[in-house]
Structure formats: C-alpha cells, structure tokens
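A note on names: the letters A, B, ... follow the listed sequences, proteins ahead of strands, and every chain is numbered from 1.
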Amino acid sequence: AQSVTQLGSHVSVSEGALVLLRCNYSSSVPPYLFWYVQYPNQGLQLLLKYTSAATLVKGINGFEAEFKKSETSFHLTKPSAHMSDAAEYFCAVSKNTGFQKLVFGTGTRLLVSP
Amino acid sequence: GAGVSQSPSNKVTEKGKDVELRCDPISGHTALYWYRQRLGQGLEFLIYFQGNSAPDKSGLPSDRFSAERTGESVSTLTIQRTQQEDSAVYLCASSTTAGGPINEQFFGPGTRLTVL
C-alpha cells in the first residue's frame, strides 16, 4: 500500500522568503512522486514529478523537490516566495509500473504575506 | 477543448436524490480518472478508465456509485440515493498513455456536490 503524509495543513511565509513544504511517503515498491498545485476555483496543475531519474527535480514557477530514499521524503522548496504562489499544494505517490493511480496527501495551504 | 471540462460546476441536491456528473477529457487522451476531494482531505481515487478495457472500480466507496465512459469520450459519474457524506468536490483527470514511463494527469476544475 502507498500513502503520503504532508506535515502542516497551513504554511505562512513572507514574500521573498524560502518556501518549504514537507512530504513523506510510504511505498512497498519504488514510487513515482508528484507535487500538484491548486489555485482557487481551478483544477490541479502538475508542478513537478520524480520518476527515478535525477533525485533533484525542477518544476515550473521556480519550484524544486529532492527525492531522499533514506528519509522517505520529497519536500518541495522555492528560494523566494511570490504572492502568486499562494495556493494549496498536494503531494502524491503512485506505483512505478502499470496503472498509475495517484494517492494524495491532505494538502498544505501556502499563505504569502507582503 | 484546451483542457478537461466538468459539468455542472456546482450541484446542490437533497438527500436520497440521484445525481449525474459529467467529464469531458482532453481530446486524444485514452485514460480517464475520477477522484473525490472531501473538505480538508486529500483526493481519493474512485475509478479509472483506459480505452476500451474494463474499468478499475476499486476506489468506488459503495454500490451507489457508478461510472460510464464510451470509448475515449465523455464520462459520467452517477451517485444514487445521495447521502450527506457524499458532499465533496468530484475531480476528473485525463492522460495519454503514449510516450514515456508515466503520463501526466490533467485535472478538470471539479464539480462541487452538496447534499442537504
């Protein structure tokens, strides 16, 4: 079975500050890992994905995440927050073979203050 | 269209009524997924269609839930005898199965279902 834990339902940062959103996974098989962002009244948009190539993955809008097998983590970071980054972020895991059902975390709402 | 579309965007119904939710996937996407997002929770997988293969229904929470898809076109998710715990946002996603080990799922904006 696979699962994802996102620590912190809300994270608040100031504009220009480092963004760190935490994700830990559990998987009995080598996983694929994803970060999605959901802006208000919009569908989910893929930020980045880990598919067993490079452990440091760069995504859109300046976000990146590092896969750490020893820590079973896939934390999302951005060096400098923008107001436009305010949204809900979801970490997800899937198997790396066959049908790719996504198992999502409960989400972290990022708040950015001026 | 340019993306996945879903209708209606909002649906309010009375307990015990049946509802039908619609998803139009991106043209050419052979895979289609339904997820449910309850307030304060992550997305739960409901069902997956891949081309003309038998769907994977392993996520459907009860026999009141069913879904259909004809070929690679529109899908409908039907909830019979709705209960208050069915209140959630229902999200549809589609993907292509061509190219690469994994295919990005593109999500629609969702249908917000409220059962009174």
Check: [Y] main-chain N/O paired with [X] side-chain donor or acceptor under 3.5 Å:
X: A:S12; Y: A:L111; answer: no
X: B:Q6; Y: B:C92; answer: yes
X: B:Q83; Y: B:R81; answer: yes

(request) Pick one of side chain, backbone, both or neither for B:L91, based on which atoms fall under 4.5 Å of a heavy atom in chain A. (result)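 When you check distances to chain A, only side chain atoms of B:L91 fall under 4.5 Å.
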(message) Does any backbone or side-chain atom of B:Y35 lie under 4.5 Å from a heavy atom of chain A? Answer side chain, backbone, both or neither.
(response)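 The side chain, not the backbone.
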(message) Can you tell me which portion of A:E88 sits under 4.5 Å from chain B's heavy atoms? Options are side chain, backbone, both or neither.
(response)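 No part of it gets close to chain B.
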(message) Tell me whether the rings of A:F67 and A:Y50 are parallel (<30°), tilted (30 to 60°) or perpendicular (>60°).
(response)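 Because their plane-to-plane angle is under 30°, the rings of A:F67 and A:Y50 count as parallel.
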